[in-house]
Structures are given as C-alpha cells and as structure tokens.
Number of protein chains: 2
Amino acid sequence: MKTKEVATKYQISADTLRYWEREGAIPPVRRDAAGYRDYDEEDLDWVSFAKCMRDAGVSVEYLIEYIELFKQGNTTLQARKDLLREQMDTIAKRLAEIQETYDKIQNKVAHYETHVENYHGKLSV
Amino acid sequence: MKTKEVATKYQISADTLRYWEREGAIPPVRRDAAGYRDYDEEDLDWVSFAKCMRDAGVSVEYLIEYIELFKQGNTTLQARKDLLREQMDTIAKRLAEIQETYDKIQNKVAHYETHVENYHGKLSV
DNA sequence: GGTTGCCTTTGACTCGACTCAAAGGTTTAT
DNA sequence: ATAAACCTTTGAGTCGAGTCAAAGGCAACC
C-alpha cells in the first residue's frame with residue numbers, strides 16, 4: 001500500500017505520515033525497488049496506533065518513546081506496558097474532563113431554552 | 001480578585017489570562033483605580049467557561065466568536081445557542097474517539113500480560 | 001526610603017505539529 | 001513518448017496557543 005492510499009484510508013495527510021516516520025513516531029516503512037514506501041500489514045498497524053493515540057491527545061514525543069522501546073526488543077516489555085498505562089491514566093483524566101465540560105454546556109444550552117434575555121449564566125449550575 | 005489569584009484558582013498562567021482577554025476570548029475585565037484587573041463574579045464565570053472549553057479542546061477562535069455574539073446583545077441568543085450546540089457535537093465526537101482509543105489501549109495492555117515476547121499487536125483486537 | 005512583589009503593556013519568541021515548496025525520479029495512461 | 005499522477009528528500013514556512021522579556025508603575029512592609 002502506497003503513501004497516498006494509506007493517507008486516504010486513515011484520513012491523514014501524506015506529509016504527516018512521512019513526518020511521523022521521520023520523527024520516529026512509527027517504525028521505518030518498507031520500500032519497493034524505486035524507494036517508494038510500501039506499507040504492509042504491520043506498518044498499517046503502527047499507523048493506526050499512532051493515529052488513535054494522536055487523536056486521543058497523546059504527543060508525538062510519547063509515541064517516539066514507545067517506538068524507541070519497541071526497537072530495543074523484548075527486554076523493554078515492562079517499560080512499554082508502563083508507558084501505555086501512564087498514557088491510559090492521562091487519557092482517562094482527559095476523558096473525564098471533557099465529559100464534565102460536555103455536561104456543563106448541555107446545561108447551559110438548556111438554560112438558553114428558558115432564559116430568553118441577554119443570557120450569560122454560570123457553567124456550573 | 002487580582003490576576004495572580006485568579007491564575008492560581010483556575011490553574012492558568014497570568015499570561016494566558018491576559019492573552020485570552022486581549023484576543024477577546026473573554027470579555028474585558030474590570031479595573032481598579034491603578035488600572036489593575038479586578039475580576040468580579042461574572043469575570044470569573046467567563047474565565048471558568050473559557051478554561052472548561054479550552055480543556056475540552058475548543059479553540060480560542062470559537063470562544064472569540066461566542067463573545068462577539070454575546071457583546072451584540074440579545075438578538076444573538078439563537079446564534080449563541082447554535083454555536084454551543086455545534087461545539088457540543090464536536091466535543092461528543094472527540095469524547096467517543098478518545099473513549100475508543102482508551103478501550104483499545106486497555107486491550108493492548110491486557111495482551112501484554114499474556115504475550116511475553118517482543119509484542120506488538122493490533123489495536124483493534 | 002528602599003526593597004520586594006505584585007501589576008501593567010508591547011512586542012518578540014517558542015513550541016509542537018504539521019504543511020508546503022522546490023527539485024527531481026517513476027509509473028501509468030493515452 | 002509525453003503528460004499526468006504519483007513518489008522521494010530537504011529545508012523552510014505556518015499556525016495556534018501561549019510564554020517571556022523589557023521597561024516601567026503601584027503598594028506594602030521593614
């Protein structure tokens with residue numbers, strides 16, 4: 001699978017794909033005879049992983065760290081697990097925060113329904 | 001309440017507070033005789049609103065738009081409500097996305113428990 | 001009355017994460 | 001066989017969102 005195809009499939013720009021690889025946020029991708037990237041199943045898994053994590057707000061730097069550990073082989077299994085757990089905690093917090101904001105806005109919108117003046121109310125009702 | 005106090009209270013830098021106001025992401029704050037900002041209850045509500053929204057990933061630009069509408073008075077009530085609803089949709093999507101990633105990582109971590117090799121598995125199990 | 005610690009503005013700087021442009025090689029369709 | 005549509009690298013540019021530094025004003029304690 002070539003760059004643009006992958007880009008389309010995962011809704012990422014080709015530039016971003018190359019950028020991630022350049023930075024080490026995904027491992028180096030296989031190349032064909034012409035030197036063109038040719039993503040195999042495993043490469044796609046890494047792309048999918050990176051996209052997921054980025055979408056959840058995980059920094060590129062974290063991804064690089066993870067790949068770094070992966071490259072060092074099976075002695076880093078525990079470290080990688082720890083890194084993922086750490087990210088899970090962060091994501092969980094973000095999730096809760098966003099949920100909270102969501103509820104508050106919902107409340108605010110509900111107030112708009114009833115208060116038909118020059119409304120500006122608190123978020124925390 | 002003075003700038004630093006507010007900054008501490010909401011875990012924002014004083015610079016950010018001034019930046020938001022400068023950009024119009026919150027309305028102008030009352031000043032004391034010396035020209036120092038003195039946040040009253042309503043100002044604090046706006047700060048809290050801005051922080052909430054920013055934390056949920058809403059752009060400063062959106063906040064500016066909202067404040068713009070607010071300044072224009074009660075003819076913009078519907079527009080403001082629409083804007084908030086739009087943001088709610090976006091936030092809801094983000095929420096779902098993050099939740100999905102969270103579940104996937106959880107799964108991945110679980111796999112680490114059982115697969116004790118040079119593990120790298122798919123996110124989607 | 002001086003030092004410390006706030007406060008102000010203005011304008012420049014940083015940082016992360018892309019994004020684009022230039023210059024050029026390959027492959028596919030006509 | 002030539003154009004269109006890909007691909008490559010390198011290096012520079014952009015963009016959002018702060019963040020910092022300079023230069024100076026007020027305020028309170030010792």
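Predicted model only: the values in this text are computed from it and were never measured. Quick note on labels: first sequence line is chain A, next is B, and so on, each numbered from 1.
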With sequence neighbours excluded, tell me which residues meet side-chain contact (heavy atoms from CB on, under 4.5 Å) with A:A25. A:W20, A:V60, A:L63, A:I64
Where along residues 10-29 of chain A does a heavy atom fall under 4.0 Å from DNA chain D? A:R18, A:R22
Between A:K9 and A:E5 (salt bridge meaning N to carboxylate O under 4.0 Å), is one present in this structure? no
Under 6.0 Å from the CD atom of B:E23, do we count more than 12 heavy atoms belonging to anything else shown? yes
If you assign each of B:E61 and B:A33 to its closest nucleotide in DNA chain D, which residue comes earlier from the 5' end? B:E61
May I have the distance from B:R37 (atom CZ) to D:dG25 (atom P), rounded to whole angstrom? 18 Å
Would you say D:dG16 has OP1 or OP2 under 4.0 Å from some side-chain N or O of B:R54? no
Which atoms form the tightest heavy-atom contact between A:P27 and A:I67, and what is the distance? CD-CD1, 3.7 Å
Can you name the residues that form a side-chain contact (heavy atoms from CB on, under 4.5 Å) with A:D55, not counting sequence neighbours? A:K51, B:E97
Cationic N near anionic O, under 4.0 Å, B:D82 to B:R85: no
Going by heavy atoms in the side chains, are B:M88 and B:I91 under 4.5 Å from each other? no
Identify, with sequence neighbours excluded, every residue that meets side-chain hydrogen bond (donor to acceptor under 3.5 Å, both in side chains) alongside A:T16. A:S13
Span of DNA chain C in contact with chain A (heavy atoms, under 4.0 Å): C:dA17 to C:dT27
Given side-chain hydrogen bond (donor to acceptor under 3.5 Å, both in side chains), test B:E86 with B:Y62 step by step and report yes or no. CA-CA 10 Å; B:E86 196 186 331; B:Y62 251 108; 2.4 Å; yes
Is the A:W46 ring parallel, tilted or perpendicular to the A:F70 ring (thresholds 30°, 60°)? perpendicular
Identify the pairs formed between an N or O of the protein and an N or O of nucleotides 2-6 of chain D at a distance under 3.5 Å, and give each distance.
none

